[in-house]
2 protein chains.
Amino acid sequence: MDTARDIHASGLKVTAPRQRILELFHTGRDQHLTAEDVFRLLLEEHEDIGMATVYRVLMQFVEAGILARNQFENGPARFELNTGKHHDHLVCTQCGRVEEFVDPYIEKRQRVIAEQRGFALIEHTLSLYGQCRICSEQQAGAIAASS
Amino acid sequence: MDTARDIHASGLKVTAPRQRILELFHTGRDQHLTAEDVFRLLLEEHEDIGMATVYRVLMQFVEAGILARNQFENGPARFELNTGKHHDHLVCTQCGRVEEFVDPYIEKRQRVIAEQRGFALIEHTLSLYGQCRICSEQQAGAIAASS
DNA sequence: CTCTGTGCAAAGGATTTGCAGGGAA
DNA sequence: TTCCCTGCAAATCCTTTGCACAGAG
């Protein structure tokens, strides 16, 4: 919550762009923002921050362990607060909503599989793509209305 | 194995570029090639095929269900023969080697999780990143030699 | 003969980098 | 005052598209 402290603790100077960007991620829930999202939100706040800075800051935060970077399919990278707790994602192919989940059993099987193949596991990404409840309902409603 | 037949069955004209590209994937094992790989291999065969054609053909093959496209981390897309059997990947972060695996339990858990969240599951990607056995051994050898 | 395919070059989206001025510590 | 930061523009990487000609059916 204390953005200035987090930034300083990472050995980075506490500047306006860095504070504003980090605040964005602390605002609201389910924040899985693209660099473009961050840039646009800053514009709306009348902050004059360039895309290059957005990318640089996001990257520094990832290296500092403050943010985590996710690459879904072939779209732009999405950033989220790094809570320290690993988790996987459910991504709505319709509205882009991202939900998180953890399944201890899947995590365990992954370690077993890597071991069997002689792989020294470093990390993994698991993403489930589908239509979320809300989009499914909207679609059902639209079909009903058109008939 | 009969590339011309596969291509024709997809409603595509049987042309030299399409046949050469498809043959590449039938050559050898563990073919997870990038568009760049394909382009380079064709050059070595003295085939005069442009990158645009490589991308177009790869895309058509994916749409035809002949190839499958995988996006690992933030690197370029990798293509492989679509055997019709879903599988996930182990990717060596050192040498780039890609191995495949299937785990019925993980598959099942994924369906359960999606259902619990009200997601109509369409597809998923699971990739384990780490160091393969060969790279681990080489590294161990290098350390031993330097001491 | 008629379209689909192809190569080339240019365009495109996402991200990175070079540079000179600006601002934290 | 000293570097670290920043904005801008240009560069990069991967991929797609426009166009006129070539070739499969």
Side-chain angles (χ1 to χ4, degrees), chain A residues 2-24 32-43 45-64 66-79 96, chain B residues 2-24 32-43 45-64 66-79 96:
Chain A
D2 187 338
T3 56
R5 194 171 313 272
D6 289 347
I7 294 168
H8 193 259
S10 304
L12 299 169
K13 287 185 178 175
V14 178
T15 63
R18 286 178 181 153
Q19 290 198 86
R20 296 292 162 287
I21 290 175
L22 189 45
E23 279 165 13
L24 278 182
H32 291 82
L33 308 174
T34 64
E36 185 70 37
D37 290 336
V38 171
F39 180 70
R40 191 169 31 69
L41 288 169
L42 291 172
L43 271 190
E45 290 184 7
H46 310 293
E47 295 288 345
D48 192 16
I49 297 175
M51 271 300 285
T53 298
V54 170
Y55 274 106
R56 270 186 296 235
V57 170
L58 289 174
M59 191 56 58
Q60 291 161 341
F61 284 174
V62 169
E63 278 165 13
I66 296 173
L67 295 180
R69 173 183 173 143
N70 295 112
Q71 185 75 49
F72 298 124
E73 303 229 287
N74 43 122
R78 285 166 171 272
F79 300 81
Chain B
D2 187 338
T3 57
R5 194 171 313 272
D6 289 348
I7 294 167
H8 193 258
S10 303
L12 299 170
K13 288 186 177 174
V14 178
T15 64
R18 286 177 179 151
Q19 290 198 86
R20 296 291 161 288
I21 290 175
L22 189 45
E23 281 165 10
L24 278 182
H32 291 82
L33 308 174
T34 64
E36 185 70 35
D37 290 335
V38 171
F39 180 70
R40 192 169 30 68
L41 288 169
L42 290 172
L43 270 190
E45 289 183 8
H46 309 295
E47 296 287 345
D48 192 15
I49 298 175
M51 270 300 285
T53 298
V54 170
Y55 274 105
R56 271 186 296 234
V57 170
L58 289 174
M59 191 57 59
Q60 291 160 343
F61 284 174
V62 169
E63 279 164 13
I66 296 174
L67 295 180
R69 173 183 172 141
N70 295 112
Q71 184 76 48
F72 298 124
E73 304 229 285
N74 41 119
R78 285 167 171 272
F79 299 82

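Residue numbers start from 1 in every chain, and the chains themselves are labelled A, B, ... in the order their sequence lines are given, proteins ahead of strands. Because only heavy atoms are used, hydrogens play no part in the values below, and waters and symmetry mates are left out as well, while side chains stay in.
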Original post:
Between A/T53 and A/P17, what is the shortest heavy-atom contact and its length?
Top reply: CG2-CB, 4.0 Å

**OP:** Assess whether side-chain contact (heavy atoms from CB on, under 4.5 Å) is satisfied between B/F79 and B/D37, documenting all intermediate values.
**Re:** CA-CA 10 Å; B/F79 299 82; B/D37 290 335; over 6 Å; no

Subject >> Whichever of B/A16 and B/A77 has its nearest DNA chain D nucleotide further upstream toward 5' >> reply: B/A77

**OP:** Could you state the atom-to-atom distance from CD of B/E73 to C1' of D/dC13 in whole Å?
**Re:** 16 Å

Original post:
Looking at C/dG5, D/dG7, C/dT6, which one has an atom nearest to any side-chain atom of A/R56?
Top reply: D/dG7

Subject >> Which nucleotide in C/dT6, D/dT15, C/dG5 has an atom nearest any side-chain atom of B/L12 >> reply: C/dG5

**OP:** May I ask you to decide if A/K13's main-chain N or O and A/R18's side chain share a donor-acceptor pair within less than 3.5 Å?
**Re:** yes

Original post:
Between D/dT6 atom P and A/E47 atom CD, what is the distance in whole Å?
Top reply: 12 Å

**OP:** Quickly work out the A/F39 CZ to C/dG13 P distance and round it to whole Å.
**Re:** 15 Å

Subject >> Donor-acceptor under 3.5 Å (B/R69 side chain, B/M59 main chain) >> reply: no

Original post:
Separation of B/R20 atom CZ from D/dA24 atom P, in whole Å?
Top reply: 12 Å

**OP:** Describe the nucleic acid contact of B/D48 in one word from base, sugar-phosphate, nothing, applying a heavy-atom distance below 4.0 Å.
**Re:** sugar-phosphate

Subject >> Selected nucleotide, minimal atom distance to B/K13 side chain, candidates D/dG23, C/dA24, C/dT15 >> reply: D/dG23

Original post:
When you measure from the side chain of A/I49, which nucleotide among C/dG23, D/dG7, D/dG25 comes out closest?
Top reply: D/dG7

Original post:
Is the base of C/dG23 touched by the side chain of A/R18 through a donor-acceptor pair closer than 3.5 angstrom?
Top reply: no

Original post:
Could you give the CD-to-C1' distance, from A/E36 to C/dT16, as a whole number of Å?
Top reply: 16 Å

Subject >> Minimum-distance nucleotide (side-chain atoms of A/P17 versus D/dG7, C/dT16, D/dT16) >> reply: D/dG7

Subject >> Minimum-distance pair of heavy atoms, taken over all atoms of B/L58 and B/L67 >> reply: CD2-CD1, 3.6 Å

Original post:
From the list D/dC5, D/dT16, C/dG5, which nucleotide is the closest neighbour of the side chain of A/T15?
Top reply: D/dC5

**OP:** Tell me which of B/A52 and A/Q60 sits closer to the 5' end of DNA chain D, going by the nucleotide each one is nearest to.
**Re:** A/Q60

Original post:
Phosphate oxygens OP1/OP2 of D/dT16: is one of them under 4.0 Å from a side-chain N or O of B/Y55?
Top reply: no

Subject >> Spacing between A/N74 atom CG and D/dC13 atom C1', to the nearest angstrom >> reply: 15 Å

Subject >> Nucleotide D/dC5, atom P - distance to CD of A/E63 in whole Å >> reply: 12 Å

Subject >> Length of the CE-P vector between B/M51 and C/dC8, whole Å >> reply: 13 Å

Original post:
Of the nucleotides C/dA14, D/dG25, D/dT6, which one has an atom closest to the side chain of A/P76?
Top reply: C/dA14

